[in-house]
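Have a look at the structure below before the remarks.
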Amino acid sequence: QFTLVESGGGLAQPGGSLRLSCTASGWSLERRPLDRYPIAWFRSAPGKVREAVACMHSSGLSREGITANYSDSVKARFTISRDSDKNTVYLQMNSLKPEDTAVYYCAADDRVFRLCELRSDDYPYWGQGTQVTVSS
């Protein structure tokens, strides 16, 4: 139904920041904009299991007043946000650590008006990934 393209990866120093973007395109978005779908960020590092980083509920939904979920490893450092007009989701990454080095992927659910979960099986649409390297 739609394609996801990530951008914004690169090299950052420990303690630095990067902002990743994920833009969706496709005919179905004309009828159902991206903000109606749960969307998430995952990451894969060499030798490690793919890890869920953050996800955002469909627009207008929240769980106990919170519109997103974060893994414990990035909580309070990363922020997921959305620009509905641009069909784009962002991942603001602050206080970066070397262990944040990975390929970062955005992923989208194909069901609308849902709360998101940090599990990859919920997301059939994936981008190609963008490399983030944190090193001095």
Side-chain angles (χ1 to χ4, degrees):
Q1 291 182 329
F2 50 83
T3 301
L4 302 172
V5 178
E6 303 95 335
S7 61
L11 176 65
Q13 292 188 340
S17 299
L18 283 174
R19 188 178 79 157
L20 305 183
S21 300
C22 172
T23 299
S25 61
W27 65 269
S28 63
L29 293 174
E30 296 178 5
R31 295 188 294 114
R32 291 182 174 180
L34 185 65
D35 64 0
R36 297 192 184 185
Y37 301 88
I39 195 158
W41 287 94
F42 292 80
R43 65 186 182 187
S44 293
K48 296 184 179 180
V49 176
R50 181 170 57 189
E51 177 187 14
V53 174
C55 70
M56 176 166 273
H57 307 315
S58 296
S59 181
L61 300 183
S62 65
R63 181 180 282 129
E64 298 180 349
I66 299 173
T67 60
N69 294 329
Y70 297 91
S71 67
D72 289 342
S73 61
V74 306
K75 198 171 293 182
R77 299 190 298 123
F78 290 11
T79 303
I80 188 171
S81 62
R82 174 168 47 210
D83 185 330
S84 299
D85 291 339
K86 296 181 179 179
N87 279 325
T88 298
V89 175
Y90 303 99
L91 185 68
Q92 178 66 43
M93 306 185 295
N94 298 329
S95 302
L96 284 164
K97 304 175 181 180
E99 51 263 43
D100 293 321
T101 296
V103 177
Y104 284 72
Y105 301 89
C106 68
D109 200 332
D110 60 353
R111 298 163 292 180
V112 296
F113 303 123
R114 293 177 58 86
L115 297 173
C116 74
E117 301 293 345
L118 292 173
R119 53 176 181 241
S120 59
D121 288 350
D122 281 3
Y123 304 94
Y125 298 105
W126 291 77
Q128 83 289 349
T130 185
Q131 176 70 46
V132 171
T133 302
V134 184
S135 174
S136 55

- request: Side-chain contact test, heavy atoms from C-beta onward, threshold under 4.5 Å: evaluate it for Asn87 versus Ser25 and give yes or no.
  value: no
- prompt: Is there side-chain contact between His57 and Pro38, with heavy atoms separated by less than 4.5 Å?
  reply: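 They are not in contact (no side-chain heavy atoms under 4.5 Å apart), so the answer is no.
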In this structure, would [X] and [Y] fall into the same cluster of hydrophobic residues linked by side-chain contacts under 4.5 Å?
| X | Y | value |
| --- | --- | --- |
| Val5 | Met56 | no |
| Leu4 | Tyr37 | yes |
| Leu20 | Leu11 | no |
| Val132 | Ile80 | yes |
| Val103 | Val74 | no |

Could you measure the distance from the [atom1] atom of [X] to the [atom2] atom of [Y]? Nearest 0.5 Å is fine.
| X | Y | atom1 | atom2 | answer |
| --- | --- | --- | --- | --- |
| Thr88 | Arg82 | OG1 | CZ | 11.5 Å |
| Ser81 | Arg19 | OG | CZ | 7.0 Å |
| Ser58 | Ile39 | OG | CD1 | 10.0 Å |
| Asp122 | Asp110 | CG | CG | 9.5 Å |
| Ser17 | Phe78 | OG | CZ | 9.5 Å |
| Thr79 | Met93 | OG1 | CE | 11.0 Å |

- request: For residues Gly10 and Leu18, report the shortest heavy-atom separation together with the two atoms involved.
  value: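 Shortest heavy-atom contact: O-CD1, 3.9 Å.
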query: Can you name the closest pair of heavy atoms from Ala102 and Ser44 and give their distance?
result: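 Distance-wise, the nearest heavy atoms are CB-O, 3.3 Å.
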Pair Asp109 + Arg111, salt bridge at N-O below 4.0 Å: yes
- prompt: Are any side-chain N or O atoms of Arg36 and backbone N or O atoms of Val112, one a donor and one an acceptor, separated by less than 3.5 Å?
  reply: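 Not confirmed, Arg36 side chain does not pair with Val112 backbone.
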task: Indicate yes or no for a side-chain donor-acceptor contact from Glu6 to the backbone of Gln128 under 3.5 Å, with no hydrogens or angles considered.
output: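 It does hold such a pair.
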- request: Sequence neighbours left out, what passes side-chain hydrogen bond (donor to acceptor under 3.5 Å, both in side chains) with Asn69? Give chain and number order.
  value: none
query: According to the interplanar angle, ranging from 0 to 90°, do the rings of Phe42 and Tyr123 count as parallel (below 30°), tilted (30 to 60°) or perpendicular (above 60°)?
result: perpendicular
- request: Kindly assign one of parallel, tilted or perpendicular to the pair Trp126 and Tyr105, based on the angle between their ring planes and the thresholds 30° and 60°.
  value: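 Geometry flag for Tyr105 against Trp126: perpendicular rings.
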task: Not counting sequence neighbours, which residues clear salt bridge (charged side-chain N to carboxylate O under 4.0 Å, His left out) with Arg63? List them please.
output: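 For Arg63, the residues satisfying salt bridge (charged side-chain N to carboxylate O under 4.0 Å, His left out) (neighbours in sequence not counted) are Glu117.
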- request: Using the side chain to side chain contact (heavy atoms under 4.5 Å, CB included) rule, take Cys22 and Trp41 through it: C-alpha gap first, then chi angles, then the decisive distance, then the call.
  value: CA-CA 9 Å; Cys22 172; Trp41 287 94; 3.6 Å; yes
message: If only side-chain N and O atoms count, and only distance matters, is there a donor-acceptor pair under 3.5 Å linking Thr133 with Thr101?
response: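 Short answer, no.
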message: The test is side chain to side chain contact (heavy atoms under 4.5 Å, CB included); show your working for Phe2 and Leu34 and say whether it passes.
response: CA-CA 9 Å; Phe2 50 83; Leu34 185 65; 4.2 Å; yes
- request: Determine, stepwise, if the pair Tyr70 / Arg77 fulfils side chain to side chain contact (heavy atoms under 4.5 Å, CB included).
  value: CA-CA 10 Å; Tyr70 297 91; Arg77 299 190 298 123; over 6 Å; no
query: Do Asp100 and Lys97 pass the salt bridge (charged side-chain N to carboxylate O under 4.0 Å, His left out) test, and can you show the C-alpha distance, the side-chain angles, and the key distance before you say yes or no?
result: CA-CA 5 Å; Asp100 293 321; Lys97 304 175 181 180; over 6 Å; no
task: Please assess Ser71 against Arg43 for the test side chain to side chain contact (heavy atoms under 4.5 Å, CB included), listing each intermediate value before the final yes or no.
output: CA-CA 11 Å; Ser71 67; Arg43 65 186 182 187; 5.5 Å; no
